[in-house]
Amino acid sequence: MRRFTVYDSLSREIRLFVPITPPKVGMFVCGLTPYDEAHLGHGRTAVVFDVVARALARWGYRVFYVQNVTNIDDRLIARGGERGIDPLKLAERHFLAWHLAMETLGVRSVNYYPFATDYLPEILAQVEALVSKGFAYPAEGSVYFDVARFPSYGALSGQRLDAARTGTRIEAEPGKRAPEDFVLWKAARPGEPSWESPWGPGRPGWHIEDTAITGRLLGARYDLHGGGLDLKFPHHEAEIAQAEAATGERPLVNYWMHAGMLQFKGEKMSKSVGNVVSLQGTIGRYGPMVVRFFYLNAHYRSPLDFVEGKSLEEAREAYDRLAQPAGRLAEALARSGPERAGRELPAEVATAATGLPNSLDETLAEDFNSRAAIAGLFGWARTVQEWLPHLDALSGSAISTLEAPFRWGRDVLGLFEATDASAGRERLDPLVRVVLSARTRARERKEFAEADRLRADLLTAGIRLEDRGAETEWHAVREPES
RNA sequence: GCCGAGGUGGCAGAAUGGUUAAUGCGACAGACUGCAGAUCUGUUUCCUGGGGGUUCGAUUCCCUCCCUCGGCUCCA
């Protein structure tokens, strides 16, 4: 197991990571409430923690990664009511879309997506435990957590209750003793989905599902909890309070990781601000790998600005600089096979290639500095560019050696994966070749006007040509419309 | 108001108690090319929010101020 450090939001310092029972790592990340289409901000958090899980797996840890799905809550009920759809069905529909987006983005490290409503017995048991231990009280069919009974409440966010209170939006919730008390079990209003409980029909509060799920799947204490920075207070604070109060064991979580917000037009991208950009739509327009690269090109804790018409264009240019040599190596290897004889690499190049993945691991092992690792890949791309013209002379194992750092990028960062666009390329290739051979003949006859006309026509069709000596390569300028 | 995260070149964005502060994008020039593109080479000069302090030396550590963003029970 590789040693690595991580910034823990609770202690506010970078700490060496030590699992409770090595090599196992229990990892939980707050998922979304799928009441609407996912936006670019959601994608960032998902990709950030995907890389964390991928890296841990590579480094010899056995990760069990759980991401919950809040499939019952006020927004779902409201949205379902507007559309005349059962909220649970609505949640399921949006979750399927999310899952598809994750698949496209290469987020495949999540082992399990538990739905809140599948954990009603655990939720009820936890609420009952809190009531019987005096940490929670029923009122008007609901149950509230008594924050005053949990003195360390606020430790994660640094919030002090007296200070927080001034800015608190005090909702008219009858029976609540203090404004900071949060709801564990919410009495059902007529027509709402509800479950039976000792306090009457109702549904779980937002915070309790996570600790009910982790209690069941990861135990009373586990290693790593992630989520967006906006969830730190009150959500994660509430998780700590209710879980530690219910089980009597602490700490609930050994390492808290919070991902920085994606900002758009100077503010956090969010539904309530109304500045959202669709995740699916952006993936469709730029391709999943460019979106992924955009996220990982910044440190996960920093705020990341999304500028329409600029950020992803820039990311595409930068990503292509890596993907192009990576792709040519993969193609060459597919053609030649690793067994083919040929020239070997000079010793210093081979040493650099085989050593780089390890140093990239070291870089990433310092609080998941993906940007610094990417910088290392750029340096390698430059070296590989020098070898691209000589690929056919190289042995299969030499090409494979050149590819090693890019394989690291694929395994850990999830970049350089074949996408639908490259599948489309295979279909188009024979057709494009027909035009190319006509153009090559024209060029041989120095009929450049004709050759340029063919090049221009292909460009209109979305295909850009690049002459490399006698050979001509082609690239799709835009994603195929689907 | 309180709590937290940030302020780095034209832009994005890393790192570090110490010779020229990564990397990418963009721009400019050269090589290559029939041209273009891609690639390579070079250039992009005084780039670390302001002011104090600690230090032989700070962008890095400490204090303070300013600015931006997030949270303060809807949030990834």
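Here is the naming used below: chain letters follow the sequence lines, and residue numbers restart at 1 for every chain.
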Crowding at [atom1], [X] (>12 non-hydrogen neighbours, <6.0 Å):
X: A:Arg343; atom1: CZ; value: no
X: A:Glu471; atom1: CD; value: no
X: A:Arg189; atom1: CZ; value: no
X: A:Arg445; atom1: CZ; value: yes

Rounded to whole Å, please give me the gap between [atom1] in [X] and [atom2] in [N].
X: A:Arg453; N: B:A36; atom1: CZ; atom2: P; result: 21 Å
X: A:Leu413; N: B:A14; atom1: CG; atom2: P; result: 14 Å
X: A:Asp467; N: B:U39; atom1: CG; atom2: P; result: 15 Å
X: A:Glu313; N: B:C11; atom1: CD; atom2: P; result: 18 Å
X: A:Tyr300; N: B:A5; atom1: OH; atom2: C1'; result: 12 Å
X: A:Tyr286; N: B:C25; atom1: OH; atom2: C1'; result: 15 Å
X: A:Phe306; N: B:G13; atom1: CZ; atom2: P; result: 13 Å
X: A:Glu386; N: B:U41; atom1: CD; atom2: C1'; result: 11 Å

Look at all strands and tell whether [X] reaches a base, only sugar-phosphate, or nothing, counting heavy atoms closer than 4.0 Å.
X: A:Ala318; value: sugar-phosphate
X: A:Glu473; value: nothing
X: A:Arg321; value: sugar-phosphate
X: A:Tyr7; value: sugar-phosphate
X: A:Phe448; value: base
X: A:Asn68; value: nothing
X: A:Gln385; value: sugar-phosphate
X: A:Arg455; value: base
X: A:Leu388; value: nothing
X: A:Lys271; value: nothing
X: A:Ser272; value: base
X: A:Gly31; value: sugar-phosphate
X: A:Asn297; value: sugar-phosphate
X: A:Arg439; value: base

* Dot-bracket, RNA chain B: Watson-Crick or G-U, under 3.5 angstrom, [ ] crossing, | other strand? -> (((((((..(((.....[....)))((((((.......))))))....(((((..]....))))))))))))....
The side chain of [X] is closest to which nucleotide in this list: [options]?
X: A:Arg12; options: B:A38, B:C74, B:A5; result: B:A5
X: A:Glu314; options: B:C74, B:G37, B:G24; result: B:G24
X: A:Asp452; options: B:A38, B:A76, B:C35; result: B:C35

Same-atom distance ([atom1]) from [N] to [M], integer angstrom:
N: B:U44; M: B:G24; atom1: C1'; value: 15 Å
N: B:G49; M: B:A58; atom1: C1'; value: 16 Å
N: B:U60; M: B:U55; atom1: P; value: 16 Å
N: B:G4; M: B:C46; atom1: P; value: 39 Å
N: B:U48; M: B:C67; atom1: C1'; value: 16 Å
N: B:A36; M: B:G13; atom1: C1'; value: 31 Å
N: B:A14; M: B:U8; atom1: C1'; value: 10 Å
N: B:G51; M: B:U39; atom1: C1'; value: 48 Å

* To do: Would you please name every residue forming a side chain to side chain donor-acceptor pair (under 3.5 Å) with A:Ser278, sequence neighbours left out?
  => A:Glu37
* So, A:Tyr255 versus A:Tyr7, ring centres under 6.0 angstrom or not? -> no
* Run the ring-centre check on A:Phe95 versus A:Tyr113 and record whether the distance is less than 6.0 Å. => yes
Dump the pairs, protein N or O against N or O of nucleotides 66-71 of chain B, anything under 3.5 Å, distances to one decimal.
residue	atom	partner	partner atom	Å
B:C69	O2'	A:Gln263	OE1	2.2
B:G70	OP1	A:Lys268	N	3.0
B:G71	OP1	A:Lys268	NZ	2.5
B:G71	O2'	A:Phe233	O	3.1
B:G71	N2	A:Gln159	NE2	2.6
B:G71	N3	A:Gln159	NE2	3.4

* To do: Let me have a per-nucleotide readout for nucleotides 26-31 of chain B, 5' to 3', with B, S or -, counting only protein heavy atoms under 4.0 Å.
  => S-----
* **A:Phe264 and A:Leu40: CA distance, side-chain angles, deciding distance, side-chain contact (heavy atoms from CB on, under 4.5 Å) verdict** => CA-CA 10 Å; A:Phe264 182 37; A:Leu40 271 184; over 6 Å; no
* **Donor-acceptor contact below 3.5 Å, side chain A:Ser9 vs main chain A:Trp256** => yes
* **A:Asn297 side chain to A:Arg371 backbone, donor-acceptor under 3.5 Å** => no
* Using distance alone, with no hydrogens and no angle criterion, decide if A:Thr117 and A:Asn71 have a side-chain donor and acceptor under 3.5 Å apart. => yes
* Judged by modelled atom types alone, do A:Arg15 and A:Thr5 share a side-chain donor-acceptor pair under 3.5 Å? -> no
* State whether A:Ser302 places a side-chain N or O below 4.0 Å from either non-bridging phosphate oxygen (OP1 or OP2) of B:G7. => no
* Asked: In residues 367-374 of chain A, what residues come within less than 4.0 Å of RNA chain B, judged by heavy atoms?
  -> A:Asn369, A:Arg371, A:Ala372
* With RNA chain B as reference, determine whether A:Asp73 or A:Arg301 sits nearer its 5' end, using the nearest nucleotide of each. => A:Arg301
* Structure fact -> Exactly one of A:Glu239, A:Gln242, A:His235 clears side chain to side chain donor-acceptor pair (under 3.5 Å) with A:His207, and that residue is A:His235
* Asked: Quick one: are A:Leu224 and A:Asn254 in side-chain contact, heavy atoms under 4.5 Å?
  -> no
* What distance separates A:Ile399 CD1 from A:Leu391 CG, expressed to the nearest 0.5 Å? -> 4.5 Å
* To do: For the pair A:His236 and A:His258, name the ring-plane relationship: parallel under 30°, tilted 30 to 60°, perpendicular over 60°.
  => tilted
* Pair listing, side chain to side chain donor-acceptor pair (under 3.5 Å) test, anchored in residues 317-332 of chain A, at least two apart -> A:Gln324-A:Gln385, A:Arg328-A:Glu473
